[in-house]
Amino acid sequence: MSGGVVVAIDGPAGSGKSSVSRATARRLGFGYQDTGAAYRALAWSALDRGIDTTDAAAVIASLPGFDYRISTDPDHTVVQVGDTDVTEAIREPRVSAVVSQVARIPEVRAYLVELFRSVIRESLRPGIVTEGRDITTVVAPDADVRILLTASEEARMARRSLEVTGQSAEVTAQQLSSRDVQDSRVVDFMNAADGVTTVDSTHLDFDQTVTAVVDLVTSVWAE
Ligand SMILES: Nc1ncnc2c1ncn2[C@@H]1O[C@H](COP(=O)(O)OP(=O)(O)O)[C@@H](O)[C@H]1O
Ligand SMILES: Nc1ccn([C@@H]2O[C@H](COP(=O)(O)OP(=O)(O)O)[C@@H](O)[C@H]2O)c(=O)n1
């Protein structure tokens with residue numbers, strides 16, 4: 001693993017993983033790795049190539065040609081597939097709707113887990129914050145700081161509805177909830193594993209949540 005501090009953050013959709021992890025990395029001068037972006041980019045790429053995302057063999061066959069790049073600079077998180085900037089496109093509802101289908105394929109997970117570990121290993125900053133669903137348990141179970149970031153379903157849906165335009169809050173909420181159900185069949189990100197600290201942001205504002213995470217990291221870093 002990286003010579004620096006490794007911070008692993010998991011949680012359900014809309015709990016604040018991406019925004020809180022990015023802000024934490026900025027405050028501490030750490031790198032930031034959004035693992036969901038890789039699953040989303042693979043799903044985007046399958047749609048772009050006309051691959052049926054329910055056809056596991058076809059998705060697996062596309063892995064060697066999956067030319068994925070993401071920067072770990074928290075101030076410039078550009079996601080690219082080949083020469084195409086997909087930073088915005090991977091957040092579209094049509095991608096969210098199929099991403100769980102590619103994420104449940106064990107070969108896809110094994111491939112991406114190795115990629116995420118190599119990004120952590122190669123980080124040149126004093127630390128790196130990596131967030132997703134299985135970071136505390138599978139990708140980096142030995143991380144220095146392991147956090148489960150949660151929030152009530154109501155709070156998560158309200159936050160996500162504010163971000164997604166072009167469809168009703170009800171539809172966004174329904175999609176988020178069904179994605180969590182599908183994802184939690186593959187990895188448990190609703191319950192903290194042994195040694196994982198839960199940060200519940202339901203009644204915290206954004207800055208308070210970032211401060212709670214930064215405090216956990218600095219308490220370990222200072223040791
Ligand atoms: N504690 C918080 N209070 C209020 N809004 C928050 C909080 N944490 C995150 N948010 C907002 O909720 C939205 C969803 O957060 P995001 O980081 O995308 O979650 P995730 O990566 O877990 O899906 C973002 O607009 C973010 O700014
Ligand atoms: N470590 C991870 C990260 C994401 N994922 C998958 O990727 C999808 C998108 O992740 P994300 O973190 O961008 O999702 P949001 O919580 O931001 O909506 C999830 O719905 C999971 O299917 C995963 O399986 N494991």
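In this text, all values refer to a predicted model and were calculated from it rather than measured experimentally. Order of listing sets the numbers, starting from 1, for every ligand and every atom in it.
- The atoms of ligand 1 that sit less than 4.0 Å from any heavy atom of Thr209 are 1 (N).
- When only modelled atom types and interatomic distance are considered, Arg156 and Thr150 share no side-chain donor-acceptor pair under 3.5 Å.
- Polar contact check, Val20 against ligand 1: no nitrogen or oxygen pair lies under 3.5 Å apart.
- At the shortest separation from atom 10 (N) of ligand 1 among protein heavy atoms lies Arg159 CD, 3.7 Å.
- Remark: minimum distance from atom 3 (C) of ligand 2 to any protein heavy atom is reached at Thr35 OG1, 3.4 Å.
- At a 3.5 angstrom cut-off on N or O pairs, Arg179 counts as close to ligand 2.
- The protein heavy-atom contact nearest to atom 22 (O) of ligand 2 is Asp183 OD1, 2.7 Å.
- Of all protein heavy atoms, the one lying nearest to atom 19 (O) of ligand 1 is Gly16 N, 3.0 Å.
- Contacts between Ala13 and ligand 2, counted as non-hydrogen atom pairs separated by less than 4.0 Å, involve both the backbone and the side chain.
- The protein atom (non-hydrogen) at minimum distance from atom 18 (O) of ligand 1 is Arg160 NH2, 3.2 Å.
- Among all protein heavy atoms, the one lying closest to atom 7 (O) of ligand 2 is Tyr39 CB, 3.4 Å.
- By the 4.5 Å heavy-atom criterion applied to side chains, Phe30 and Ile128 are not counted as neighbours.
- Between Gln182 and ligand 2 there is no heavy-atom distance shorter than 4.0 Å.
- Distances from ligand 1 to the non-hydrogen atoms of Pro12 include at least one value under 4.0 Å.
- Summary of contacts: the protein heavy atom closest to atom 17 (O) of ligand 2 is Arg160 NH2, 3.5 Å.
- Atom 21 (O) of ligand 1 has as its closest protein heavy atom Ser18 OG, 2.5 Å.
- Which of Ser201, Ser21, Ser19 comes nearest to atom 27 (O) of ligand 1 through a heavy atom is settled by distance: it is Ser19.
- Of all protein heavy atoms, the one closest to atom 10 (O) of ligand 2 is Gly36 CA, 3.5 Å.
- Below 3.5 Å of separation, one finds an N or O of Leu204 facing an N or O of ligand 1.
- On a distance-only criterion, Glu131 and ligand 1 share no N/O pair closer than 3.5 Å.
- Residue-level proximity to ligand 2 for Arg156 is absent, since no heavy atom of it falls below 4.0 angstrom.
- Here's the thing with Asp34: none of its N/O atoms is less than 3.5 angstrom from an N/O atom of ligand 2.
- The single protein non-hydrogen atom nearest to atom 25 (N) of ligand 2 is Arg109 NH2, 3.1 Å, given as residue, atom name and distance.
- Looking at heavy atoms from C-beta onward, Leu149 lies in side-chain contact with Thr209 at the 4.5 angstrom threshold.
- Judged by the shortest distance from any of its heavy atoms, Gly14 lies inside the 4.0 Å radius around the atoms of ligand 1.
- Nearest protein neighbour of atom 24 (C) of ligand 1, counting heavy atoms only, is Glu163 OE2, 3.0 Å.
- Using a 4.5 Å heavy-atom threshold, the side chains of Glu92 and Trp44 count as separate.
- For atom 13 (O) of ligand 2, the nearest protein heavy atom (residue, atom name, distance) is Arg40 NE, 2.7 Å.
- Within the 4.0 Å heavy-atom shell around ligand 2 one does not find Arg104.
- Side chains of Thr202 and Asp200: a donor-acceptor N/O pair is present below 3.5 angstrom, by distance only.
- Regarding atom 12 (O) of ligand 2, its nearest protein heavy-atom neighbour is Arg133 NH1, 3.1 Å.
- Of the N and O atoms on the side chains of Thr53 and Gln101, at least one donor lies less than 3.5 Å from an acceptor on the other residue.
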